Structures are given as structure tokens and as C-alpha cells.
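Read the structure below first, then the notes.
Being a predicted model, the structure only gives us computed values, none of them experimental. Counting starts at 1 for both ligands and their atoms, in listed order.
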Amino acid sequence: MSLEVAQECKQRAFAELHDVKVLFANRGWFPGTSGNLSVMVEYGSPSDFVFAVTASGKDKTVHTPEDFLLVDQHGRPTETTHLKPSAETLIHCEIYRTMGAGAIYHVHTVYNNIISELYEDLGYIPVEKVELIKAFNIWEQDARIEIPVLPNFAEIPRIAELVEEAINPQIPGIVLSNHGIYAWGANSFEAKRHLEAFEFLFEYVYRKKLLLRDFEMFKAEPRNLHAKSIS
Ligand SMILES: CSC[C@@H](O)[C@@H](O)C(=O)COP(=O)(O)O
Ligand SMILES: [Zn+2]
């Protein structure tokens with residue numbers, strides 16, 4: 001690839017990440033500097049690729065010319081820079097190596113944290129009969145899916161080594177317990193669609209659980225529910 005084309009690919013990737021970053025920041029999806037984003041720039045093979053990733057520790061609601069850098073398949077910067085790649089770059093590397101994706105988006109939300117904690121012991125979050133499952137290109141009637149949940153080890157390499165085994169190729173996401181979700185897709189448009197669908201499903205599971213709990217309480221003792229609503 002000529003230097004000019006390489007520069008063009010890099011600028012296109014940075015612009016794509018910038019647009020998604022602005023959008024997610026406006027949704028409040030980067031609390032406390034959390035979250036990281038990446039898009040593939042040059043894919044040779046599962047062991048030879050370059051992608052653009054957010055720099056570590058930055059306030060992702062602030063947008064500057066120093067928000068992104070290029071890294072290789074090991075997560076090492078490919079150009080001289082004072083920027084540090086995301087602390088979770090190794091997880092992106094593993095997802096790219098395993099899935100050959102075009103973009104990976106990671107966000108922390110209250111819903112993905114609560115639901116992943118509830119289902120960590122099971123190892124997956126079951127969801128069924130929700131129309132938005134079709135966002136994952138799963139079209140069967142009343143489909144049931146299992147979204148993988150991994151432990152949130154403090155050492156990122158320990159998480160990274162679980163990624164390949166945990167991934168279900170039909171489900172474009174994994175969740176770290178009480179941490180956040182990584183959603184990916186063949187390109188930025190698809191990764192965003194998947195992330196939005198996952199977040200919808202987590203909120204759905206959360207609200208349904210609450211509703212069913214209240215319904216059970218009501219069935220057991222109708223006055224309980226009344227007492228709860230006025231307390
Ligand atoms: C400050 S809490 C979030 C971090 O621990 C981490 O989980 C995260 O998502 C952001 O890390 P970063 O290194 O900025 O990409
Ligand atoms: Zn994180």
C-alpha cells in the first residue's frame with residue numbers, strides 16, 4: 001500500500017471513530033472515561049492486521065485531534081506517538097483475530113453491568129422472543145439467544161485468553177461481568193446496530209425481571225404491591 005493510500009485509510013478510520021464517539025458520548029455511554037472503540041484499517045490475515053483504536057484514559061466526551069492511534073495485531077502502536085492505546089486493546093485484538101470483524105465498540109452502561117452480574121454464574125444472558133434479536137441476522141420465529149458473559153479479571157491478558165472460546169459466532173458480542181459489552185460487526189454501521197440491539201435487550205431483561213417480581217408479589221399478596229408503591 002502506498003504511503004498516500006495508507007494515510008487516506010487512516011484518516012477515514014479516524015473520521016469514522018470520531019462520528020461514533022460523538023454519537024455515543026451524546027447518549028451518555030462513556031461515563032468516567034470508560035469505553036473504547038476501534039475500526040479495522042488494514043487486514044492481511046488473522047495474524048497480520050492494523051486497526052485504529054481510542055487512546056487510553058481520555059474523557060471520551062471531549063473530542064480532539066489526539067483521540068485515536070493505529071495499533072497492530074498485538075496491540076502495539078504502528079507509528080511513533082505519545083498516545084497510549086486503550087488498556088483493553090488486547091480484547092479488541094482477540095476479537096479481530098477470531099472474528100475478522102470491521103469494527104468493535106465497547107461501552108459501560110448500568111443495564112449491561114446489572115444484567116451481566118446477575119447472569120455471570122450461568123455464563124450467558126438468555127433472551128428470547130424479542131424482535132430486536134433480528135438485528136443480529138437471526139430470523140427464526142421466537143428465537144432464543146445466549147449472550148456470553150466473561151469474568152472481569154483485573155488483568156486484561158487473562159480476559160483476552162478467554163475470548164476465543166467464549167465467542168458464539170452467531171452472537172456479535174461478549175459481556176464482561178459488571179464491566180461492559182464489546183459488540184462488533186463487519187463494519188461500523190453493523191457494529192453500532194448490534195450494540196444498540198444488545199443495550200435494548202439488556203434493558204428489556206432488566207425491566208421484565210422487575211415487572212415479574214412485582215407481579216409475583218402481587219399474586220402472593222395484593223396489598224404488598226400497594227404498600228410498596230406508596231412507600
Ligand atoms: C475508568 S473505568 C473504565 C476503564 O477501566 C476501562 O474499562 C475502559 O473501558 C476504558 O479504558 P481505556 O484505557 O480508556 O480504553
Ligand atoms: Zn471497559
Side-chain angles (χ1 to χ4, degrees), residues 13-14 16-41 50-79 81-99 101 103-120 125 147-163 166-167 172-185 188 191-192 194-196 198-199 202-203:
F14 283 13
E16 208 159 37
L17 284 178
H18 168 82
D19 290 350
V20 176
K21 185 165 159 284
V22 170
L23 191 78
F24 291 176
N26 289 338
R27 290 181 188 173
W29 274 1
F30 297 129
T33 75
S34 66
N36 36 72
L37 311 170
S38 73
V39 297
M40 184 56 72
V41 174
V50 173
F51 63 96
V53 67
T54 41
S56 182
K58 297 217 169 194
D59 179 347
K60 279 121 195 161
T61 67
V62 175
H63 311 294
T64 78
E66 302 211 309
D67 286 343
F68 316 111
L69 67 159
L70 296 181
V71 295
D72 66 13
Q73 66 278 0
H74 302 295
R76 297 178 302 217
T78 60
E79 300 174 316
T81 174
H82 63 277
L83 299 176
K84 266 182 63 184
S86 164
E88 293 167 355
T89 299
L90 272 189
I91 297 176
H92 292 247
C93 292
E94 271 305 290
I95 296 169
Y96 284 125
R97 188 182 67 76
T98 309
M99 297 306 297
I104 304 171
Y105 298 149
H106 167 64
V107 296
H108 299 209
T109 66
V110 172
Y111 290 117
N112 68 36
N113 271 246
I114 292 177
I115 292 304
S116 60
E117 183 182 351
L118 291 183
Y119 286 97
E120 178 177 5
I125 301 160
I147 305 163
V149 180
L150 280 69
N152 186 32
F153 296 132
E155 303 83 13
I156 299 300
R158 278 187 77 197
I159 302 176
E161 69 189 28
L162 299 178
V163 166
I167 287 178
I174 52 173
V175 189
L176 305 185
S177 181
N178 246 330
H179 176 157
I181 183 159
Y182 289 82
W184 57 85
S188 180
K192 173 176 168 286
H194 293 160
L195 179 61
E196 289 170 349
F198 280 122
E199 286 303 315
F202 297 142
E203 184 171 350

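For ligand 1, the protein residues placed under 4.0 Å by at least one non-hydrogen atom are Gly32, Thr33, Ser34, Gly35, Asn36, Ser56, Gly57, Lys60, Ser86, Ala87, Glu88, His106, His108, His179.
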Indicate every side-chain donor-acceptor pair of residues 16-24 with a distance under 3.5 Å to a residue at least two apart or in another chain.
unit_1, atom_1, unit_2, atom_2, d
Lys21, NZ, Val62, O, 2.9
Lys21, NZ, His63, ND1, 2.8
Lys21, NZ, Asp67, OD2, 2.9

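Not counting sequence neighbours, the partners of Ser86 by the side chain to side chain donor-acceptor pair (under 3.5 Å) test are Asn36. Remark: Glu66 pairs with no residue by the salt bridge (charged side-chain N to carboxylate O under 4.0 Å, His left out) rule, at least two apart or across chains.
In summary, the side chains of Glu88 and His179 do present a donor paired with an acceptor at a separation below 3.5 Å, with no hydrogens or angles considered.
Here the closest non-hydrogen pair linking His108 and Pro31 is O-CD, 3.8 Å.
In this structure, the ring of His92 has its center less than 6.0 angstrom from the ring center of Tyr182.
Distances from the Zn ion (ligand 2) to each N, O or S atom of His108 single out NE2 as the nearest. Summary: NE2 is the N/O/S atom of His106 found nearest to the Zn ion (ligand 2).
Here the side chains of Ser116 and Phe202 are not in contact, with every heavy-atom distance at 4.5 Å or above.
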